[in-house]
Structure formats: C-alpha cells, structure tokens
> 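Shown below is the structure under consideration.
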Protein chains: 2
Amino acid sequence: MRADARRNYEALLAAARDLFQEQGPDAPLDEVAKRAGVGAGTLYRHFPTRNDLVAAVYVADIDALCDAAEKLAAEDPDAALGGYMDLHVGFTLRNAGIKKAIKEMLADGDTRPGLTLCKTRMTEIAGETLAHAQDAGAAREDVDTVTFLRMLHGIALACEENPEMAPAMLEVMKAGLLRGA
Amino acid sequence: MRADARRNYEALLAAARDLFQEQGPDAPLDEVAKRAGVGAGTLYRHFPTRNDLVAAVYVADIDALCDAAEKLAAEDPDAALGGYMDLHVGFTLRNAGIKKAIKEMLADGDTRPGLTLCKTRMTEIAGETLAHAQDAGAAREDVDTVTFLRMLHGIALACEENPEMAPAMLEVMKAGLLRGA
DNA sequence: GACTATACGGAGACCGTCTCCGGTTGGTCA
DNA sequence: TGACCAACCGGAGACGGTCTCCGTATAGTC
C-alpha cells in the first residue's frame, strides 16, 4: 500500500472512531471523510460499505486494547488483572454503539475473518492475564475465563446508561476476585 | 375525527404493517404513503415521526391480538389456552422487527401511554386465559403468568431465524402445560 | 346549496449515499 | 534527477429518502 493510501486509511479509522463514539455507528460517512481530511471517494475506496468501516474500527480498537493489555502484563504479569478489568470495561462502554452494530452485522451473516480473529486474541489475553494472577496467588482460582469475561460484560451492560457507575462496580468485582491488594 | 381522516389513518396503519413486516421498520415512509394511497403530507400529519407510526402499528396489532384472544375465550374459556399460545407466538414472529424497534424506542426514553396500556392489557388477558384453563383442570397449576409469557417469548426468540420450527416447540410446551387433550 | 374548518397531497428543499472520471502523486528505474 | 505510470485522490452530481409548505379539496353543519 502506498504511503498516502496508508495515511488516509489511518486517518479514516481515527475520524470514524471519534464520530461513531460521539453520534453512534450511523453517523454520516461524508462527515467521517471530512473529519479525516479526505474525499468521499477515498473513504468508499478504502471501505466500500459502512459495515466495512465499523468492523475495521472495532478490530483496530480490540487490537489496541490487546496491545495495552500485553504492555500491562509485560510490566507486571502477576498484578495486571485489575488494570485489565479497567481497560476492558472502559473500552466496552466507549464502544457500546459500535458493538451493537457489530452484533447486528453478525446476526445478518455479514461476518469477516478479522472480527473472529480479534475476539479470539482478546479471549486469549484475558485468559492469560487471569491465569498469571491466579498462579501468583493474586486472584481466586475458582473463576474461569468465560465467567470472568461475562462478569465484565455484565458490568458494561449494566452501566450503559450510567457509565459513571462502572468504577464502583469494578471495585466490588475486584474485591471479590483479587487477593493481597 | 372526520371520516376521510379516519379512513386514511387506518389505511396508513395497514400499509405500514405490511411494509414493516416485509422490509423491517426502516422501510421508506413515502412507500408507506404510496401503498396507503395518500400523500406524504397526510402521513406526516397523522404520524409526525417514524416512531409514532411504528408505535401505532404495534399498539393496533396488540389490540387485535387481545381481541382475538377474548373472542377465543368467549367461545370456550376453559380450552382457549392452546389457541392463545399459537396466536401469541405467531404475532411475535411476524412483528420481530417492529418489536425490536419498540424496544430501542423505550431504551431511548421515547415512551408513549398506548404502549404501556396495550402491554398491560395483553398481560391481563394472558393471565385470565391461563387462570381459566387452570381452574378448569385443563392446565397445570404451578405455572404463573410471567413464566407462561416468558416461555412464549423464548420460543419466539429461538425461532426468529427459523419460524417454521415454532409449531413443534409450541407442541412441546402444550404437552407440558396442557392437560386432558 | 352555501359555508368553512379540517384535511389533503405532492412538489421541492434538504440531507446523506455513493459513483465516476479527470487530475495528482508515490515509487521505480534508467 | 527527471521520466514514467500505476495507484490513488477527491468532489460534483445523480439518486433515494425525509419532511415541510401552501394552494386545493371536501366532510360536515346549518
């Protein structure tokens, strides 16, 4: 890919991320192009459909979440769990609209390999982060990855209308899950 | 309300019901007007927003469901339960798209008295139909109205992608719930 | 039959989507 | 370093859908 194409692609992702978080995944695509500083033709050549753009934003954000989680784990693998929980719920709350759009996309059979891959990566990193903490005695051992992720998802769902309640709920979950802090 | 206004109102409801069932609740409103044989201005005077129309269709359909249920009950109150189950699930399957739109409307705080009223009426009729059957010994007595409606809803959800599976699931539920048939 | 308040309707302004094609330029090569 | 060209850009315009405006029609009353 040419340098100008790569630059515009990233600019479009960033603009779309911002606009989708502000106005939801149905925000006007011409506005996305405008914010990215490119023409509408450029947007449609990179992302032929709205779903292509929504999925690309989501995948990029999941990858960023995983990168941040890996960085946390590299710094202190035994104590990264609490930070991971904050990252995960914060991410889910910021992307509630996009996530809903992704869900509808999948329900319509409009799947793409990137979505499956990034979800797998996230599950693996969550599992590794949990396992590290459990092995180090920093977290109770009777909670598996699926339960852990379900609880985080539940908190994000419960806080959809009131995101400011999330920290308190996370605190409770940490109190129940983490040890020695 | 003048006769021509009443006639156009009903025509719009019927056209919207058909189009929303065919194409979903986002079908073009000009097409609704066209099918109803009225001008777009007429549609917007009766229903200033899409949500107004979607809600009106939903309320009218719930009322029709309740009317049909009451008619069933009037004919044979002790044996109306099975028929009610068929009516209820059939209605829910036909209106999955509209129901989803109603749910999002309520989540956004865009409520209207008619929606609450018709849901209450439906719950009451379902409760009465169930109670009649139970009193007559035609249905097991350890199932309350909430459970009964939840199961019907569960069947409708499970059959969203495959409506042809509904009769078999209803048959199972009837076998478990009804007695003496 | 006259009258009038109520209702109608559809053209047009506006918004968003998305394609087309002339123009631009990043990258390669001599 | 300049020539070349395939890849990329971009924005005007066609199109679809929303929704308002206002001249016209008519239902209902007297």
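Side-chain atoms are counted along with the backbone in the values below, which use heavy atoms only and exclude waters and symmetry mates. In what follows, chains are A, B, ... by sequence order, proteins preceding strands, each numbered from 1.
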> Along nucleotides 24-29 of chain D, 5' to 3', which nucleotides get a B, which get an S, and which get a -, given that the test is a protein heavy-atom distance under 4.0 Å?
--BSS-
> Check the pair A:Arg6, A:Glu10 against salt bridge (charged side-chain N to carboxylate O under 4.0 Å, His left out), reporting the backbone distance first and the verdict last.
CA-CA 6 Å; A:Arg6 162 59 54 189; A:Glu10 299 298 339; 2.5 Å; yes
> Output the residues of residues 40-57 of chain A in contact with DNA chain D, where contact means a heavy atom of the residue under 4.0 Å from an atom of the strand; sort by number or write none.
A:Ala40, A:Gly41, A:Thr42, A:Arg45, A:His46
> Taking A:Arg121 first and then A:Glu70, would you say they form a salt bridge - that is, a charged N and a carboxylate O separated by under 4.0 Å?
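Yes, charged N to carboxylate O under 4.0 Å.
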> For DNA chain D, which residues of residues 10-33 of chain B approach it to below 4.0 angstrom with any heavy atom?
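Heavy-atom cutoff 4.0 Å gives B:Pro28, B:Leu29, B:Asp30.
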> Regarding A:Asp61 and A:Arg94, does a basic nitrogen lie under 4.0 Å from an acidic carboxylate oxygen?
no
> Check this for me: does any side-chain nitrogen of one of A:Asp18 and A:Arg35 sit under 4.0 Å from a carboxylate oxygen of the other?
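No, this pair does not count.
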> My understanding is that only residues two or more places apart in sequence, or in another chain, count here; which of them pass side chain to side chain donor-acceptor pair (under 3.5 Å) with B:Asp135?
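B:Asp135 satisfies side chain to side chain donor-acceptor pair (under 3.5 Å) with no other residue.
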> Sequence neighbours excluded, which residues qualify as side chain to side chain donor-acceptor pair (under 3.5 Å) partners of A:Asp86?
A:Lys174
> Could you report the tightest heavy-atom contact between B:Pro25 and B:Gly97, atom names first, then the distance?
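What the structure gives for the nearest pair is CG-O, 3.5 Å.
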> Between which nucleotides of DNA chain C, read 5' to 3', does contact with chain B run, using atoms under 4.0 Å from its heavy atoms?
C:dT6 to C:dG10
> When you compare the side chain of A:Met173 with that of A:Leu152, does any pair of heavy atoms fall below 4.5 Å?
yes
> Does the side chain of B:Gln134 reach to within under 4.5 Å of the side chain of B:Leu81, using non-hydrogen atoms?
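B:Gln134 does not reach B:Leu81 side chain to side chain.
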> Compare every heavy atom of A:Leu12 with every heavy atom of A:Thr42, then report the nearest pair and how far apart it is.
O-CD1, 4.3 Å
> Does B:Lys119 come within less than 4.0 Å of B:Glu124, counting only side-chain N to carboxylate O?
no
> Is the ring pair A:Tyr58/A:Phe91 parallel, tilted or perpendicular, if the boundaries are 30 and 60 degrees?
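Taking A:Phe91 first and then A:Tyr58, their aromatic rings sit tilted (interplane angle of 30° to 60°).
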